[in-house]
Amino acid sequence: MDLDFNAEELAFRDQVREFLATALPAEIRDRMHRSDDSHIRDDIQNWQKILHAKGWGAPAWPVEFGGTGWSKTEQYIFETECALADAPAQLAFGVKMVAPVLMRYGSPQQQQYFLPRILAADDWWCQGYSEPGSGSDLASLKMKAERDGGDYVLNGQKVWNTLGQFADWIFCLVRTDSSGKPQRGISFLLIDMKTPGITVRPTRLLDGTFEVNEIWFDNVRVPVANRIGEENAGWTYAKFLLGHERTNIAGIGASKRELARLKQMAAAQPKAGATMLQDPLFATRIAQVEIELRALEITNMRVIFAEAKKHAPGPEASMLKIRGTEIMQRLSELQMEVLGPDALVYRDSSGEIARETSTYLNLRKLSIFGGSNEIQRNIIAQMILGL
Amino acid sequence: MDLDFNAEELAFRDQVREFLATALPAEIRDRMHRSDDSHIRDDIQNWQKILHAKGWGAPAWPVEFGGTGWSKTEQYIFETECALADAPAQLAFGVKMVAPVLMRYGSPQQQQYFLPRILAADDWWCQGYSEPGSGSDLASLKMKAERDGGDYVLNGQKVWNTLGQFADWIFCLVRTDSSGKPQRGISFLLIDMKTPGITVRPTRLLDGTFEVNEIWFDNVRVPVANRIGEENAGWTYAKFLLGHERTNIAGIGASKRELARLKQMAAAQPKAGATMLQDPLFATRIAQVEIELRALEITNMRVIFAEAKKHAPGPEASMLKIRGTEIMQRLSELQMEVLGPDALVYRDSSGEIARETSTYLNLRKLSIFGGSNEIQRNIIAQMILGL
Amino acid sequence: MDFSFSDEQQMLLDTTRRFISERYDFEYRNTVRDSADGWSRETWTALGELGLLALNIPEQDGGIGAGAVGTMLVGNAIGEGLLLEPFLSSAVIATQAIVELASTQQRERWLPTLASGELIAVLAHDEISTRENPLQVETRAVRDGDGWSIDGNKSVVYHAPAANLLLVSARIAENEIGLFAIPSDAAGVQLLPCVTVDEQSAAAIVLKDVRVSGDARLGGDAKVALQSALDIGLAALCAEAFGAMQKILNATIEYSRSRVQFGAPIGSFQALQHRMAEMLMHLEQARSMSYLATSQCTDPDPLARRAALSAAMARMGQAARYIGQQAVQLHGGMGMTDELNVSHYFKRLLAFELRFGSTDQHLEIYRLRLQAA
Amino acid sequence: MDFSFSDEQQMLLDTTRRFISERYDFEYRNTVRDSADGWSRETWTALGELGLLALNIPEQDGGIGAGAVGTMLVGNAIGEGLLLEPFLSSAVIATQAIVELASTQQRERWLPTLASGELIAVLAHDEISTRENPLQVETRAVRDGDGWSIDGNKSVVYHAPAANLLLVSARIAENEIGLFAIPSDAAGVQLLPCVTVDEQSAAAIVLKDVRVSGDARLGGDAKVALQSALDIGLAALCAEAFGAMQKILNATIEYSRSRVQFGAPIGSFQALQHRMAEMLMHLEQARSMSYLATSQCTDPDPLARRAALSAAMARMGQAARYIGQQAVQLHGGMGMTDELNVSHYFKRLLAFELRFGSTDQHLEIYRLRLQAA
């Protein structure tokens with residue numbers, strides 16, 4: 001048993017750090033540091049191109065598809081260091097979500113067309129899963145896809161589509177059969193966002209931003225060739241994808257970054273002749289979240305170590321998701337508490353948005369999206385505890 | 001709106017205080033103060049006799065049955081002051097539980113025989129509700145009562161019978177009909193504990209004490225005249241009783257007493273050149289529970305005020321039970337934390353039991369017995385929230 | 001002990017609630033929010049006509065003199081309706097400061113127009129330094145002939161952009177604070193408008209050599225009156241917060257009844273039922289503490305008043321956070337949208353936690369008192 | 001990064017678990033608990049035969065030298081089995097102190113008999129004054145010819161009644177602590193036996209002019225060695241606590257599967273499912289922290305070691321309380337009885353919170369380090 005990285009892992013980490021120090025453009029890093037999403041599409045795409053040029057465009061892909069062939073531990077180190085360095089997170093919908101499905105279940109033609117374009121940031125992907133009546137209960141989705149010659153004709157609505165306003169392609173779960181169990185009768189389609197009949201309507205969120213969308217499909221024709229695998233077998237592919245989405249779900253790097261920022265903020269905020277960091281109660285609150293994060297970091301590494309042996313990410317990811325998002329939300333609460341009355345100002349006279357307050361509001365989503373924390377607890381109870 | 005007691009209420013409180021200062025025997029008060037249960041039967045009975053002599057033997061009973069005729073507020077003041085003064089709690093099973101049922105549903109003969117004896121502490125009552133398979137799901141109880149002439153013949157087992165080792169009488173829910181819904185077919189019997197066939201077996205609890213029992217019934221004959229009301233209508237009487245059991249469920253007086261003790265303990269425990277009361281974190285923990293208790297005190301008075309208008313205790317009692325028991329458990333945790341390593345000693349070389357540690361262990365029952373806090377949350381969701 | 005309300009008090013609540021349900025529904029409120037001013041003059045005038053702006057004006061001054069209880073009940077309704085108008089700022093806090101400090105002449109000048117809504121006054125008091133000590137004012141007023149010259153920086157003042165009159169607190173001597181009535185368009189007054197997290201209009205205020213005449217000053221040392229106005233404001237804010245909590249919980253219960261997942265309303269899932277039961281317990285404890293704040297906000301014993309108000313703020317802040325966060329959580333994605341009122345209540349409750357001192361600050365005040373006892 | 005165990009380490013765990021399942025089931029344990037001594041000599045001898053008492057004796061001294069990881073795994077099993085024998089006291093803490101400090105002659109005298117179980121040694125260290133500072137010893141040793149005279153009071157020492165040899169810490173000079181090996185039947189030594197909350201045998205010890213010869217002293221200044229023995233003991237105690245947590249959670253899950261109420265196993269109720277999911281997350285975080293304590297308890301950097309161990313204790317104390325309390329709660333009335341093992345685990349976990357410093361104390365140590373950084 002050794003909780004520390006070994007020499008090779010440390011060398012790899014240093015290599016990543018060096019790369020980040022030199023290759024990450026300062027203006028991107030600064031925007032990310034300020035949670036400034038005004039250039040988010042370009043920032044993500046440009047960073048992806050830089051990673052791709054380095055050969056690191058797809059940390060988790062096998063080498064034969066242009067991936068790095070890195071171990072799980074190396075992938076973890078890479079993602080953690082990127083977050084610590086304020087690099088933009090890679091767009092998960094392409095690299096982490098549709099790509100593994102393509103590699104496992106896609107046709108050779110699909111693989112050859114889409115995978116290189118994902119790597120090179122030629123396409124922006126988004127996800128069409130949730131519907132107005134199908135959130136946690138995804139299998140109840142209703143969006144109809146009816147065969148008409150070589151096409152499916154799609155009608156219906158998707159919601160909570162993240163960053164789809166920039167998208168070139170969307171992968172969708174659609175209903176191709178309503179006769180049997182809801183899990184049967186779902187198909188997995190790849191859809192060009194330029195297809196006539198698609199309308200994207202951004203949803204205004206509580207923090208005033210527009211990062212999710214409603215997407216309406218009105219007689220949208222999608223070639224059957226754009227289906228992944230078998231008709232009505234989409235649920236299988238979706239479940240496979242779900243596992244992949246959750247590899248870095250604990251967000252250790254991002255939380256470490258925000259913890260450091262929290263301490264800096266507290267050390268700069270006057271309190272009783274000293275600073276808020278010197279306040280026993282507030283420092284205890286910081287200590288508690290720092291300890292929880294330290295424990296989760298080890299738990300995360302344990303899960304990675306176990307996964308490296310048996311390959312498939314297990315229900316343990318649910319624990320990482322719950323605790324990881326709780327920590328991120330807690331850190332943003334504490335940052336807001338350091339600001340105190342200053343956090344009341346949401347948009348100041350120069351039009352600037354207060355980072356900590358808007359982040360606090362925005363991060364409420366963490367425990368809702370990506371499988372709500374309640375659903376994750378159900379998964380733990382059923383899959384791990386066997387209840 | 002006035003949160004304070006008015007002049008009459010204050011005068012009543014002073015009268016109660018004066019009575020307690022003079023009438024409560026010092027040795028009883030001291031034993032209660034030390035949580036010394038070695039004379040618990042005598043202490044409770046003797047105190048009941050003193051109360052009865054004063055005419056205060058049954059604060060909640062109507063005057064015609066020998067009660068005080070006090071208002072709900074006066075009853076609350078009385079119970080709170082008694083707890084603050086370390087008086088023994090009256091034995092609920094007689095005065096507060098079976099008595100209201102007798103008054104409402106008992107025959108004149110039952111009332112005339114039992115009620116005066118309860119007042120005068122002639123009989124020690126206990127309760128036979130729970131069975132091994134019927135805890136939270138009380139209606140599933142199975143103990144059989146079969147008619148045989150003028151008797152019921154009882155066979156079965158009751159558990160979690162509190163202080164039944166001292167009992168003269170027990171009131172029991174028994175099954176007189178298994179054919180319909182479980183709530184139907186339950187009858188409410190009064191049983192002389194000296195009846196042949198009753199065996200009481202004390203249950204050793206985690207703190208080494210014996211305050212609950214298993215009671216076995218082996219062909220126990222109970223006269224039909226000892227049934228309350230109608231055969232198979234016992235569930236109605238039990239539900240009626242349940243409401244009465246919960247009038248003082250928040251335990252404000254006991255919690256105030258233990259809060260004061262906690263502060264004294266913390267003020268006497270050295271810490272960092274001062275005391276634990278001066279420790280910012282520990283004092284914050286005390287402050288939080290004190291604030292919660294202050295809020296609950298007002299909530300409790302609100303419930304009393306509302307009940308005084310509509311008479312029947314409502315599901316609000318579930319809130320008082322949950323928060324009240326949480327506060328009591330929290331206070332005992334904090335007392336134990338003041339003791340620190342000293343709390344490790346459970347029984348010292350003189351055989352003395354550490355009060356705080358044994359209380360901490362014992363009070364885990366508060367969130368389990370009397371309708372577990374989970375059941376109370378179900379009640380709130382269903383009865384108040386309408387879910 | 002009496003938890004009933006007088007007929008007059010009950011009528012204030014009913015009147016305000018009726019006004020809101022008829023004239024200030026969620027849709028209307030969104031129009032107001034999205035307007036340039038961010039509040040509605042029409043609504044404000046109507047509140048004046050209903051007498052609600054005269055609640056804190058004594059009867060001998062032509063007001064209603066509804067006291068803390070009446071203010072609480074109206075505050076409940078305003079929190080329920082998420083009103084964006086300066087009720088708390090002008091009709092409670094500024095009015096109270098004027099009532100406490102102003103001369104007969106000043107009262108006659110201001111109180112009638114405050115009651116009608118014609119005059120909007122706000123207390124410009126908070127600064128960076130007041131975060132730790134509410135009476136630690138760094139803005140200074142120095143004698144300038146018969147008048148005064150005032151310099152300083154005030155941080156976020158709710159509804160300052162709507163106000164005609166600013167009541168500016170300023171240090172006159174080491175241990176003396178003066179309160180000055182300054183027209184918001186006076187020379188040297190600069191407003192830096194902002195939008196608060198609960199989408200109310202506010203401004204930081206820069207005061208540079210602002211000259212006012214001697215009669216701009218209200219009364220003598222303003223410390224006691226300032227604390228009194230702030231404390232009455234605190235109790236009213238608690239009442240607003242309680243109103244918002246009650247509404248957001250009701251919205252959550254309703255939503256959980258209608259939202260179907262896995263073939264059943266989500267309100268039938270036990271884990272969510274227990275969550276809502278917990279929210280209800282927070283709500284009821286918050287209600288009790290709002291009552292406490294109301295009944296103690298005028299307590300002449302400053303220590304007892306501080307302890308009670310800090311207890312109320314600490315407990316209600318905790319309730320606001322739990323209820324607000326869980327309401328959003330139980331609404332799922334819909335709780336994150338601007339479309340439903342739940343996110344608006346959530347933000348109002350967040351602002352509650354940040355105004356008048358944080359939960360932790362009040363816990364500290366309470367704790368220090370407990371340690372000193 | 002490597003979370004695997006060597007074959008030797010795994011074998012230690014398997015051996016201990018097998019021994020417990022074959023020879024120390026719950027019924028047997030209750031007989032031991034109810035016996036006059038409160039522990040079993042027979043079990044102790046058997047543990048010695050299995051080599052488990054030599055884990056912390058270096059190989060060159062004839063021991064196994066299993067290190068912190070081996071000790072952790074055995075500790076897990078001991079916590080799982082709720083053993084009442086002085087493994088932690090004698091085979092870990094006292095052995096470690098002897099290994100660190102003892103002369104060759106002393107090692108040869110004590111280590112073989114410690115390994116066999118013939119000798120039981122306990123560290124008599126804690127006093128009222130060590131609660132705040134583990135190295136603040138008030139017991140004094142003064143020179144008495146070639147030997148020493150020792151006076152002082154030691155508070156609850158686990159397994160002291162079982163010990164032949166007491167390792168007594170005593171202050172020699174302002175900044176020097178000596179460790180003295182004193183037979184438990186020496187003149188002037190008085191044991192005040194007690195039973196701990198987790199039903200282990202212990203004693204307070206009164207030392208009155210206890211005369212020992214010069215060679216009773218182990219090594220020179222004992223501060224570093226004492227801290228080392230205590231820290232290795234702390235990690236082993238964490239391991240025991242983790243074993244107990246795992247078992248009590250498993251018992252709870254099992255119980256919730258079999259206990260039927262309202263026509264369904266209570267484990268099918270969502271609110272209880274989520275509670276158990278929460279318990280599992282506490283358990284897994286506790287496991288991680290137990291690993292951290294094990295890997296850092298021998299860190300030569302005292303500050304890093306303190307921070308890691310305090311983080312582990314703070315987090316595991318929180319887990320112990322949550323898991324323990326909820327396990328009792330979910331067992332309902334049965335959880336309150338002496339009859340089921342759940343209450344025994346609960347009490348062991350309570351003792352865990354009270355030994356080696358409370359959760360709050362460790363949180364404070366960690367917080368002060370964070371503030372100093």
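Just so you know, these numbers use all the heavy atoms, side chains as well, and skip hydrogens, waters and symmetry mates. Just so it is clear, the model here is predicted, and its values are computed rather than measured. The chains referred to below are lettered A, B, ... by the order of the sequence lines, with proteins before strands, and numbering in each begins at 1.
More than 12 heavy-atom neighbours from other residues, nucleotides or ligands sit within 6.0 angstrom of NZ on B:Lys263. Shown here is B:Arg34, whose CZ atom has more than 12 heavy atoms of other residues, nucleotides or ligands within 6.0 Å. Crowding of D:Arg257 atom CZ: a count of heavy atoms from other residues, nucleotides or ligands under 6.0 Å exceeding 12.
Scanning all heavy atoms of the two residues, the minimum distance from D:Val197 to B:Ala343 falls at CB-O, 4.2 Å. What you find for B:Ser349 and D:Cys194 is that their closest heavy atoms are N-CB, 4.4 Å. Taking every heavy atom of both residues into account, D:Leu354 and B:Gly340 meet most closely at CD2-O, 3.5 Å. Closest of all the heavy-atom pairs between B:Arg204 and D:Asp34 is NH1-OD1, 4.1 Å.
Only the side chain of B:Arg285 comes within contact range of chain D, with at least one heavy atom under 4.5 Å from a heavy atom of that chain. With a 4.5 Å cut-off on non-hydrogen atoms, B:Asn362 touches chain D through its backbone but not through its side chain. Neither the backbone nor the side chain of B:Glu211 has a heavy atom closer than 4.5 Å to any heavy atom of chain D. The part of D:Glu364 that comes within reach of chain B is its side chain, from C-beta onward, which places non-hydrogen atoms under 4.5 angstrom from that chain. Residue contact with chain B, scored on non-hydrogen atoms closer than 4.5 Å, involves the side chain of D:Glu199 exclusively. If you measure heavy-atom distances from B:Ser136 to chain D, the contacts under 4.5 Å come from both the backbone and the side chain. Within the 4.5 angstrom heavy-atom criterion, no atom of D:Ile128 approaches chain B. For D:Thr337, the parts sitting under 4.5 Å from any heavy atom of chain B are the backbone and the side chain alike. D:Arg367 does not touch chain B: none of its heavy atoms, backbone or side chain, sits under 4.5 Å away. Heavy atoms of D:Leu363 lying under 4.5 Å from chain B belong exclusively to its side chain. With a threshold of 4.5 angstrom between heavy atoms, B:Ser350 does not approach chain D through any atom at all. Residue B:Ile375 touches chain D through its side chain alone, counting heavy-atom pairs closer than 4.5 Å. Of the atoms belonging to D:Ser358, not a single heavy atom falls under 4.5 Å from chain B. Contacts of D:Ala271 with chain B are absent, with no heavy-atom separation under 4.5 Å from either backbone or side chain. Neither the backbone nor the side chain of D:Val342 comes within less than 4.5 Å of any heavy atom of chain B. Looking at B:Pro182, there are no atoms closer than 4.5 Å to chain D (heavy atoms on both sides), in backbone or side chain.
Within the 4.5 Å cutoff, side-chain heavy atoms of D:Val328 are placed close to those of B:Ile368. The side-chain heavy atoms of B:Met336 and D:Glu353, taken from C-beta on, include no pair separated by under 4.5 Å. Side-chain contact between D:Leu350 and B:Tyr360 is present, with at least one heavy-atom pair separated by less than 4.5 Å. Looking at D:Leu272 and B:Glu374, their side chains come closer than 4.5 Å, going by heavy atoms from C-beta outward.
Summarising the geometry, atom CE belonging to B:Met276 is positioned 7.0 Å from atom CG belonging to D:Asp360; distances are rounded to the nearest 0.5 Å. With rounding to the nearest 0.5 Å, the separation of CG in D:Asp198 from CG in B:Leu344 is 7.0 Å. For the atom pair D:Asp338 CG and B:Leu205 CG, the distance stands at 8.5 Å (nearest 0.5 Å).
When the candidates B:Gln269, B:Glu352, B:Arg377, B:Gln329 are compared by the number of heavy-atom contacts under 4.5 Å with chain D, B:Gln269 comes out ahead. Counting heavy-atom pairs under 4.5 Å between each of D:Tyr158, D:Phe356, D:Phe346, D:Phe269 and chain B puts D:Phe346 at the top. Comparing D:Arg259, D:Gln325, D:Arg355 by heavy-atom pairs within less than 4.5 Å of chain B, the highest count is held by D:Gln325. Highest contact tally toward chain B, considering only D:Gln329, D:Glu132, D:Glu339, D:Met334, is held by D:Gln329 [criterion: heavy-atom pairs under 4.5 Å]. When each of B:Asn378, B:Leu339, B:Asp279 is scored by its heavy-atom pairs under 4.5 Å with chain D, the top score falls to B:Leu339. Comparing B:Gly351, B:Pro341, B:Pro270 by heavy-atom pairs within less than 4.5 Å of chain D, the highest count is held by B:Pro341. Of all the listed residues (B:Ala139, B:Ala272, B:Ser372), the one sharing the greatest number of non-hydrogen pairs under 4.5 Å with chain D is B:Ala272. Ranked by heavy-atom pairs under 4.5 Å with chain D, the first of B:Gly135, B:Ala354, B:Ser140 is B:Gly135.
Between the side chain of B:Asp137 and the backbone N or O of D:Phe262 there is at least one donor-acceptor pair closer than 3.5 Å. Remark: the backbone N or O of D:Met336 is not paired with any side-chain donor or acceptor of B:Lys365 at under 3.5 angstrom.
The side chain to side chain contact (heavy atoms under 4.5 Å, CB included) with D:Lys347 is formed by just one residue from the set B:Leu361, B:Thr357, B:Asp207; it is B:Leu361.
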